[in-house]
S.K.: 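Sharing a structure, written as structure tokens. Questions coming.
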Amino acid sequence: MGGATAATDVDARTDDLTARDEGSEPVEPTDPGGAAVEFRDDVSVELVRSAARDADVLFAARVSTKGEQSLDDVEADAQRSAGLINYLMRSRHGSPFEHNSMTFYVHAPIFVFRELMRHRIASYNEESGRYRELRPVFYVPGPERRLVQEGKPGHYQFVSGTPEQHALVERETREQCTRAYASYQRMLAAGVAREVARIVLPLTIYSSAYVTVNARSLMNILSLRTSREESAVPSYPQREIEMMAERMEEEWARLMPLSHAAFQRNGRVAP
């Protein structure tokens with residue numbers, strides 16, 4: 001789909017969704033400000049602040065043998081010490097990779113955040129449905145999303161699925177999200193508190209959060225939430241959280257290219 005699409009583009013399917021339910025009012029697929037319900041098939045990740053360099057790994061590691069003299073390595077030429085970075089990664093001496101910080105602004109479906117927050121090695125602050133009215137932006141899988149799982153747990157793969165299955169997923173997602181948001185709006189208009197009205201909203205609604213993480217913690221996330229042939233330990237992430245992880249990895253690779261290369265070279269195993 002490539003980006004946002006208004007629910008009003010979905011012909012007559014959503015025009016009278018609740019007319020099927022007795023006593024219901026027709027769905028109005030807009031919020032009070034007039035914004036149309038939107039459907040997206042992507043996630044957004046923006047690096048908003050960082051203090052992360054390959055040199056940070058060097059001075060942290062060298063304090064083990066040089067003590068106060070390691071202060072001389074704070075501005076070290078990391079290129080000349082790529083071998084040390086690779087050694088640390090290979091031997092899984094991970095603590096030197098913790099002396100850095102990256103803060104990302106992430107805009108993604110709530111079900112992605114629920115998976116991300118299982119990694120109890122980052123700091124999170126998420127927008128609150130108690131304190132602000134949630135915007136009508138929902139995730140619907142794009143045409144390239146594989147829909148059908150084949151095989152047993154632990155030994156499975158996803159395949160594309162039929163055009164009919166893709167059409168069904170898109171139609172049902174759009175209809176249910178539009179209906180749910182209309183219910184949310186009706187409760188708010190009746191004076192119901194936001195924290196109560198939000199209970200009807202599905203996990204596919206978008207939320208936003210700041211996520212702060214160091215390189216070692218990010219490598220742990222990447223080792224579990226990306227699927228790569230070069231990985232020493234296979235991983236089977238849900239595609240939507242993998243999309244988020246891929247964008248984080250792009251930013252980290254730009255900030256700390258030697259550390260990222262060592263991660264790749266050593267099987268993408270977090271040290």
Side-chain angles (χ1 to χ4, degrees), residues 43-106 108 112-113 115-125 209-239 241-271:
V43 300
S44 300
V45 176
E46 179 182 355
L47 180 70
V48 297
R49 181 172 296 175
S50 66
R53 306 172 305 160
D54 287 314
D56 299 335
V57 180
L58 302 178
F59 74 75
R62 286 173 175 159
V63 74
S64 298
T65 57
K66 298 176 68 174
E68 71 280 359
Q69 295 178 13
S70 64
L71 290 170
D72 297 334
D73 296 315
V74 171
E75 300 297 335
D77 181 358
Q79 289 287 345
R80 297 180 60 184
S81 300
L84 174 57
I85 291 174
N86 189 66
Y87 165 78
L88 294 169
M89 191 77 69
R90 183 177 69 246
S91 63
R92 303 196 70 185
H93 183 33
S95 57
F97 295 96
E98 296 178 5
H99 295 268
N100 55 81
S101 176
M102 293 163 278
T103 297
F104 299 95
Y105 176 78
V106 181
V112 171
F113 282 110
E115 289 201 19
L116 177 61
M117 289 177 181
R118 296 185 65 187
H119 296 273
R120 296 177 294 277
I121 47 180
S123 298
Y124 307 99
N125 276 90
Y210 288 106
V211 180
T212 299
V213 66
N214 64 51
R216 187 184 191 186
S217 296
L218 181 57
M219 283 185 273
N220 179 276
I221 293 172
L222 297 177
S223 68
L224 294 170
R225 301 300 185 177
T226 59
S227 179
R228 298 289 185 276
E229 291 184 1
E230 61 269 32
S231 295
V233 180
S235 182
Y236 304 93
Q238 184 166 342
R239 178 55 189 154
I241 195 170
E242 185 177 35
M243 291 159 55
M244 182 214 67
E246 288 170 347
R247 286 155 179 76
M248 288 183 170
E249 183 169 1
E250 290 172 3
E251 295 291 348
W252 174 54
R254 180 179 60 82
L255 292 169
M256 301 177 69
L258 299 180
S259 298
H260 180 260
F263 176 62
Q264 288 274 86
R265 190 177 300 117
N266 290 280
R268 296 177 65 86
V269 175

S.K.: Which pair of non-hydrogen atoms, one from Phe263 and one from Val269, has the smallest distance, and what is that distance?
M.R.: CE1-N, 3.7 Å
S.K.: Please report the shortest heavy-atom distance between Ala108 and Phe113, naming the atom on each side.
M.R.: O-CE1, 3.4 Å
S.K.: Check whether any side-chain heavy atom of Asn100 sits under 4.5 Å from a side-chain heavy atom of Arg53, and report yes or no.
M.R.: no
S.K.: When you look at OH of Tyr105, are more than 12 heavy atoms from neighbouring residues, nucleotides or ligands closer to it than 6.0 Å?
M.R.: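 Yes, because the 6.0 Å sphere around OH of Tyr105 holds more than 12 heavy atoms from other groups.
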S.K.: Could you go through Glu115 and Arg118, starting from their C-alpha distance and side-chain angles, then the distance that decides it, and tell me whether this counts as salt bridge (Lys or Arg N to Asp or Glu O under 4.0 Å)?
M.R.: CA-CA 5 Å; Glu115 289 201 19; Arg118 296 185 65 187; over 6 Å; no
S.K.: Rounded to the nearest 0.5 Å, what separation is found between the CZ atom of Arg225 and the CE atom of Met243?
M.R.: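 Between atom CZ of Arg225 and atom CE of Met243 there are 14.5 Å.
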S.K.: What I want to find out is whether Arg268 reaches Glu229 closely enough, with some N-O distance under 4.0 Å, to be called a salt bridge.
M.R.: no
S.K.: Identify the heavy atoms of Thr226 and Leu222 that sit nearest to each other, and give their distance.
M.R.: OG1-O, 2.5 Å
S.K.: Any side-chain heavy atom of Ile221 within less than 4.5 Å of one from Leu116?
M.R.: yes
S.K.: Do Arg62 and Leu84 make a side-chain contact, defined as non-hydrogen atoms from C-beta onward lying under 4.5 Å apart?
M.R.: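 Yes - at least one pair of side-chain heavy atoms lies under 4.5 Å apart.
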S.K.: Salt bridge check: are Arg247 and Glu250 linked by an N-O gap of less than 4.0 Å?
M.R.: no
S.K.: Can you tell me how far the CG atom of Asp56 sits from the NE2 atom of His99, to the nearest 0.5 Å?
M.R.: 9.5 Å
S.K.: If you define the side chain from C-beta out and look only at heavy atoms, does anything of Ser101 sit under 4.5 Å from Thr212?
M.R.: yes
S.K.: Hey, could you give me the CE/CG distance between Met256 and Asn214, rounded to the nearest 0.5 Å?
M.R.: 9.0 Å
S.K.: Do Met244 and Val106 pass the side-chain contact (heavy atoms from CB on, under 4.5 Å) test, and can you show the C-alpha distance, the side-chain angles, and the key distance before you say yes or no?
M.R.: CA-CA 8 Å; Met244 182 214 67; Val106 181; 4.0 Å; yes
S.K.: With a 4.5 Å cut-off on side-chain heavy atoms, are His119 and Ser217 touching?
M.R.: no
S.K.: With side-chain contact (heavy atoms from CB on, under 4.5 Å) as the criterion, how do Val213 and Met248 come out once you've worked through the C-alpha distance, each side chain's angles and the decisive distance to 0.1 Å?
M.R.: CA-CA 10 Å; Val213 66; Met248 288 183 170; 5.6 Å; no
S.K.: If we ignore hydrogens and angles and just use 3.5 Å, is the side chain of Asp54 paired with the main-chain N or O of Ser259 as donor and acceptor?
M.R.: yes
S.K.: Mark yes when over 12 heavy atoms from residues, nucleotides or ligands other than Glu230 sit less than 6.0 Å from its CD; otherwise mark no.
M.R.: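 Buried by this count: over 12 neighbours within 6.0 Å.
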S.K.: Do you know the tightest heavy-atom contact between Ile85 and Phe97?
M.R.: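 Scanning both residues, the minimum pair turns out to be O-CZ, 3.9 Å.
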S.K.: With a 4.5 Å cut-off on side-chain heavy atoms, are His260 and Glu249 touching?
M.R.: yes
S.K.: Could you please spell out the steps behind the side-chain contact (heavy atoms from CB on, under 4.5 Å) verdict for Trp252 and Leu47?
M.R.: CA-CA 9 Å; Trp252 174 54; Leu47 180 70; over 6 Å; no
S.K.: Arg49 side chain to Met102 main-chain N or O, any donor-acceptor pair under 3.5 Å?
M.R.: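 Side chain of Arg49 to backbone of Met102, a donor-acceptor pair under 3.5 Å: no, none is there.
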S.K.: Which value, rounded to the nearest 0.5 Å, describes the distance between Arg239 atom CZ and Ile241 atom CD1?
M.R.: 11.5 Å
S.K.: Can you find a pair of side-chain heavy atoms, one from Ser227 and one from Pro237, that are under 4.5 Å apart?
M.R.: yes
S.K.: Tell me if a side-chain donor or acceptor on Asn86 pairs with a main-chain N or O of Ala82 at a distance below 3.5 Å.
M.R.: no
